[in-house]
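Just so we're on the same page: letters track the sequence lines, and every chain starts at 1. Because only heavy atoms are used, hydrogens play no part in the values below, and waters and symmetry mates are left out as well, while side chains stay in.
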There are 2 protein chains.
Amino acid sequence: MGKREEKIASIIQHTTRLLVHEGVGGLSMRRVADLAEIRLSNLQYYFKDREALLKATVAHYFEQCKTDVLQSLPSSDTKEIKLESLLRETLQKGLVLGDTNEQCAMFREIWALSTRNTSIAALVKEYYQHYCQWLVQLMASYTPQPQLIVSLLMPYVEGYSVMGQALPLTKEEVIDLLVKTVLVVIDQ
Amino acid sequence: MGKREEKIASIIQHTTRLLVHEGVGGLSMRRVADLAEIRLSNLQYYFKDREALLKATVAHYFEQCKTDVLQSLPSSDTKEIKLESLLRETLQKGLVLGDTNEQCAMFREIWALSTRNTSIAALVKEYYQHYCQWLVQLMASYTPQPQLIVSLLMPYVEGYSVMGQALPLTKEEVIDLLVKTVLVVIDQ
DNA sequence: TACATTTTAGGTCATTTGACCAATTTATTG
DNA sequence: CAATAAATTGGTCAAATGACCTAAAATGTA
């Protein structure tokens with residue numbers, strides 16, 4: 001990584017931290033410059049304004065998500081495992097309560113931003129579409145209707161991070177329920 | 001509604017609009033005062049600071065949600081209808097894509113806020129818990145396991161508003177899938 | 001009416017913010 | 001080495017903002 005890339009990485013990292021801990025309201029060029037220990041005008045040299053910095057930071061976030069997801073998905077050559085194990089494993093990782101998770105906090109900000117920022121909204125949509133595709137591809141080895149399973153599980157996982165803490169079931173009970181549900185549905 | 005209540009209602013209404021259209025960043029006491037056509041100091045008389053205004057506005061939002069939900073739920077004395085119809089009707093209303101809906105936009109802001117504001121986070125959690133209870137109560141007339149159905153559908157509906165637009169299924173297909181799923185699961 | 005309370009008006013002040021600029025330093029390259 | 005571009009610095013400026021204050025006006029009440 002060249003010096004330029006390193007510096008940009010540092011800027012984006014501090015911007016991300018600021019976003020997570022203070023929200024969009026707390027994000028200003030000056031504060032980022034302070035955190036990254038560079039002058040305001042130097043920051044402006046790399047990102048001409050707040051908007052550009054924000055866009056780059058969000059794009060970087062989804063890049064990171066992509067890497068995380070693709071790594072965490074079981075590789076498709078270990079097809080020996082049962083569909084049930086795959087589901088359990090995936091759900092165990094995927095079901096996260098949003099209020100205890102830094103990555104979720106970042107997503108909340110992005111989601112709110114996307115309401116009024118079409119280019120950020122496009123990034124969100126694009127990411128979810130890719131995510132769907134990866135999962136469909138993964139599931140395709142186990143069932144003739146991967147789209148069905150994905151359409152059933154993805155919104156659930158996202159919704160769980162929003163309001164899972166208000167559910168009358170524990171995470172384990174939820175996983176049992178979902179696994180059972182999926183297995184029953186594809187048997188139909 | 002007394003003059004005082006009318007004025008407070010107007011302030012909260014304009015605050016809500018501002019939040020939806022500009023985000024938390026665009027929310028300042030001055031702008032609210034301008035929109036509500038009162039002096040800044042008058043606004044400060046009713047809400048001592050931004051924080052108090054925000055809290056009251058969020059609380060009002062959830063009050064409104066409560067009213068909406070309780071009204072839209074079929075009254076429990078019309079038990080003649082089938083569970084399937086109930087599910088279809090509820091899902092038709094509940095499955096909303098977040099990017100086309102003003103109420104969703106407001107929720108996005110609130111959700112982002114709740115990351116760093118415990119009292120707002122408490123309002124969110126409280127609302128979802130009540131929402132769960134209402135639905136459990138409603139479903140209780142149709143199945144011995146209402147909690148199961150609610151635990152299955154509520155996160156899904158919330159998640160659908162987040163990423164439904166990236167799903168490979170249409171809303172109608174999603175509803176068919178969910179209804180079928182629920183009916184199969186409770187038959188087990 | 002006279003008094004107390006609530007509500008409104010107008011203004012100041014210190015801070016923060018984004019935008020902009022001129023000058024200087026640090027690579028890079030011919 | 002010299003010239004050119006890239007990177008960095010320090011600083012100014014106007015606008016916006018929250019907090020604060022005082023006085024007046026409206027309203028209710030004894």
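Remark: A:R17 does not engage A:E22 in a salt bridge, criterion side-chain N to carboxylate O under 4.0 Å. Looking at A:R108 and B:E109, no side-chain N of the basic residue comes within less than 4.0 Å of a carboxylate O on the acidic one, giving no salt bridge.
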For nucleotides 5-7 of chain D, print each protein N/O atom paired with a nucleotide N/O atom at under 3.5 Å, atom names and distance only.
residue	atom	partner	partner atom	Å
D:dA7	OP1	A:R4	NH1	3.3
D:dA7	OP2	A:R4	NH1	2.8
D:dA7	OP2	A:Y45	OH	2.2
D:dA7	O5'	A:Y45	OH	3.3

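By the side-chain contact (heavy atoms from CB on, under 4.5 Å) test, B:A105 pairs with A:T115, B:V20, sequence neighbours left out. A search for side chain to side chain donor-acceptor pair (under 3.5 Å) contacts involving A:R50 returns nothing, not counting sequence neighbours. The side-chain contact (heavy atoms from CB on, under 4.5 Å) test applied to A:T170 returns A:E172, A:E173, not counting sequence neighbours.
For B:K171 (side chain) and B:L95 (main-chain N/O), a donor-acceptor pair under 3.5 Å exists by modelled atom type.
The CG atom of B:L43 sits 16 Å away from the P atom of C:dG10 (whole-angstrom rounding). For the pair B:I8 CD1 and C:dT6 P, the computed distance is 13 Å after rounding to whole Å.
In this pair, A:Y128 and A:Y131 present their aromatic rings parallel. The plane angle is below 30°, not in the 30 to 60° band.
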Worksheet entry | From CA spacing to verdict: salt bridge (Lys or Arg N to Asp or Glu O under 4.0 Å), A:E84, A:R88 | CA-CA 6 Å; A:E84 181 173 341; A:R88 281 194 187 281; 3.4 Å; yes
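Checked options A:L87, A:V174, A:L153; the residue passing with A:V179 is A:L87 (criterion: side chain to side chain contact (heavy atoms under 4.5 Å, CB included)).
Proximity of the aromatic rings of B:F62 and B:Y127 is defined here by a centroid distance below 6.0 angstrom, and this criterion is met.
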Discussion item. Strictly under 4.0 angstrom, non-hydrogen atoms only: write out the protein contact profile of nucleotides 14-19 of chain C, one letter per nucleotide from the 5' end, B, S or -.
Written reply: ---BBB
Practice prompt. Would you give a per-nucleotide map of nucleotides 22-27 of chain D, 5' to 3', where B means the base has a protein non-hydrogen atom under 4.0 Å away, S means only the sugar-phosphate does, and - means neither?
Written response: ------
